[in-house]
Amino acid sequence: MPRARQDGATLAEAVAMRPKDWGADFEAQPLARSAEGTIALLDDQCRWQRTALPDDVLASLSLYSQLPGAGKRGTVRVTATVTVHTAVLDADDHVSATLEEALRCPEQQVRADERIAELMSVGTPLGMRGNNYADDSVLETGVYLTGTGTGKAVYRWMVTRLGPVTMTVSIKGAEGYTVAELEQFMTRGTTTMLDRVRYELGGSEG
């Protein structure tokens, strides 16, 4: 188990999805990764902000990738985030807070001209509803709005926990993609990162 912040950062780097992990045609977004030593948190005004790491987090890394549009299909954007906590209980608290955020903020500001709305979330602990892959998980669904709201896309966010590590995969859909196709990307990102955490922690899950 990682104990120091450098150990946490090394683990996050080893686990997070790079562009080609998603598929051969994926590439890095113009902003390819989050600022070192920061974490994304939802503030009291339902706005996502990057802040300095709290004491109970060793490291947090977000990598941003995209599948460029072609023909009648638009550009799909995906984000993989790995957060390494100081203890399993801290990671569990993070997942619980995530589950409550959709209730507290059914509409959230992502960037100045981008919002996610119509949010709903469901938690699935280990052993329930087919969850045999993670200690805990949360699925959040909604829509992604850009500009004045005329741009509208499918939004999915999957959070999983294995021991002290939480992993999230978020997807902004695009024209020409079905929900099933987008959820395949979500499954690929989630299972890949879970497998990497198991490997890095020597098979430990708690």
Side-chain angles (χ1 to χ4, degrees), residues 16-23 25-35 38-51 60-83 94-95 97-124 137-161 166-193:
M17 296 283 285
R18 264 64 182 175
K20 297 308 179 186
D21 295 333
W22 297 101
D25 296 326
F26 277 81
E27 63 184 26
Q29 291 186 36
L31 174 62
R33 61 188 293 139
S34 57
T38 67
I39 188 172
L41 294 176
L42 191 66
D43 68 15
D44 293 339
Q45 285 74 48
C46 298
R47 300 172 302 186
W48 283 99
Q49 308 274 4
R50 294 208 72 86
T51 64
S60 186
L61 172 65
S62 295
L63 297 183
Y64 311 106
S65 305
Q66 63 187 16
L67 180 58
K72 295 183 178 180
R73 288 189 161 190
T75 297
V76 173
R77 293 186 353 209
V78 294
T79 300
T81 300
V82 180
T83 301
H94 173 82
V95 176
T98 299
L99 184 60
E100 296 167 356
E101 284 173 346
L103 296 175
R104 176 170 71 88
C105 297
E107 183 169 314
Q108 303 168 8
Q109 196 79 32
V110 180
R111 296 180 179 87
D113 62 344
E114 298 182 6
R115 293 168 292 132
I116 48 178
E118 301 176 26
L119 296 176
M120 298 179 63
S121 61
V122 59
T124 308
S137 70
V138 172
L139 173 63
E140 189 171 274
T141 64
V143 295
Y144 206 107
L145 304 174
T146 56
T148 59
T150 54
K152 190 175 183 178
V154 171
Y155 171 76
R156 292 291 185 274
W157 192 32
M158 183 75 171
V159 184
T160 51
R161 179 182 69 81
T166 57
M167 293 141 280
T168 69
V169 172
S170 66
I171 298 178
K172 175 185 177 292
E175 183 181 4
Y177 286 91
T178 66
V179 171
E181 288 175 315
L182 297 172
E183 289 182 344
Q184 285 181 353
F185 295 136
M186 186 172 65
T187 299
R188 180 182 304 168
T190 298
T191 57
T192 299
M193 291 197 292

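Given the structure is predicted, the values throughout are model-derived calculations rather than measurements.
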Under 3.5 Å, which donor-acceptor pairs do the side chains of residues 40-47 form with other protein atoms, sequence neighbours left out?
unit_1, atom_1, unit_2, atom_2, d
Asp43, OD1, Gln45, N, 2.9
Asp43, OD1, Cys46, N, 3.1
Asp43, OD1, Arg47, N, 2.9
Asp43, OD2, Arg47, NE, 3.2
Asp43, OD2, Arg47, NH2, 3.3
Asp43, OD2, Gln49, NE2, 3.4
Gln45, OE1, Arg47, NH2, 3.3

### Task
Grab the two heavy atoms, one from Leu61 and one from Ala16, that are nearest each other, plus how far apart they are.
CD2-CB, 4.0 Å

### Query
How long is the gap from OH on Tyr177 to CZ on Phe185, to the nearest 0.5 Å?
5.5 Å

### Query
Counting N and O atoms only, with roles assigned by atom type, does the side chain of Gln109 sit under 3.5 Å from a partner on the main chain of Ala112, one being a donor and the other an acceptor?
yes

### Message
With rounding to the nearest 0.5 angstrom, report the NE2 to CZ distance, His94 to Arg161.
### Response
11.0 Å

### Query
Quick one: does Met193's side chain get under 4.5 Å of Met17's, heavy atoms only?
yes

### Distance-minimising heavy-atom pair for Leu145 and Ala117
CD1-CB, 3.9 Å

### Task
Kindly give the heavy-atom pair with the smallest separation between Ser121 and Val138, and that separation in Å.
CB-CG1, 4.2 Å

If you look only at distance, which donor and acceptor atoms sit under 3.5 Å apart when one is on a side chain in residues 62-71 and the other is two or more places apart or in another chain?
unit_1, atom_1, unit_2, atom_2, d
Ser62, OG, Thr81, OG1, 2.7
Gln66, NE2, Glu27, OE2, 3.0

### Query
Within a strict 4.5 Å, meaning less than it, do heavy atoms of the Ser60 and Thr38 side chains meet?
no

### Query
Heavy-atom distance under 4.5 Å between the side chains of Ile171 and Val76, does that happen here?
yes

#### Entry: Gap separating the CD atom of Glu107 from the CZ atom of Arg115, nearest 0.5 angstrom
4.5 Å

### Message
Ignoring hydrogens, what is the shortest heavy-atom contact between Gly189 and Val169? Give both atom names and the distance.
### Response
C-CG2, 3.8 Å

### Query
Roughly how far, to the nearest 0.5 Å, is OG1 of Thr192 from CG of Asp21?
7.0 Å

### Task
Check Ala102 against Glu140 and note the closest heavy-atom contact, atom names and distance.
CB-OE1, 3.6 Å

### Query
Checking side chain to side chain contact (heavy atoms under 4.5 Å, CB included) for the pair Val95/Thr166: CA distance, chi angles, key distance, verdict?
CA-CA 8 Å; Val95 176; Thr166 57; 3.9 Å; yes

### Note, Gln108 side chain near Leu119 side chain (heavy atom, < 4.5 Å)
yes

### Message
Rounded at 0.5 Å granularity, tell me how far CE in Met186 sits from OG1 in Thr168.
### Response
12.0 Å

### Query
Does any N or O in the side chain of Glu114 come within less than 3.5 Å of the main-chain N or O of Arg111, such that one atom is a donor and the other an acceptor?
no

### Query
Taking C-beta and beyond as the side chain, do Thr146 and Lys172 meet within less than 4.5 Å on heavy atoms?
yes

### Task
Indicate the ring-plane relationship of Tyr155 and Tyr144, choosing parallel, tilted or perpendicular according to the 30° and 60° boundaries.
tilted

### Side-chain heavy atoms of Trp157 within contact of Ile116, under 4.5 Å
no

### Message
Testing the basics here: between Ala153 and Gly173, what is the closest heavy-atom pair and its distance to 0.1 Å?
### Response
CB-O, 3.3 Å

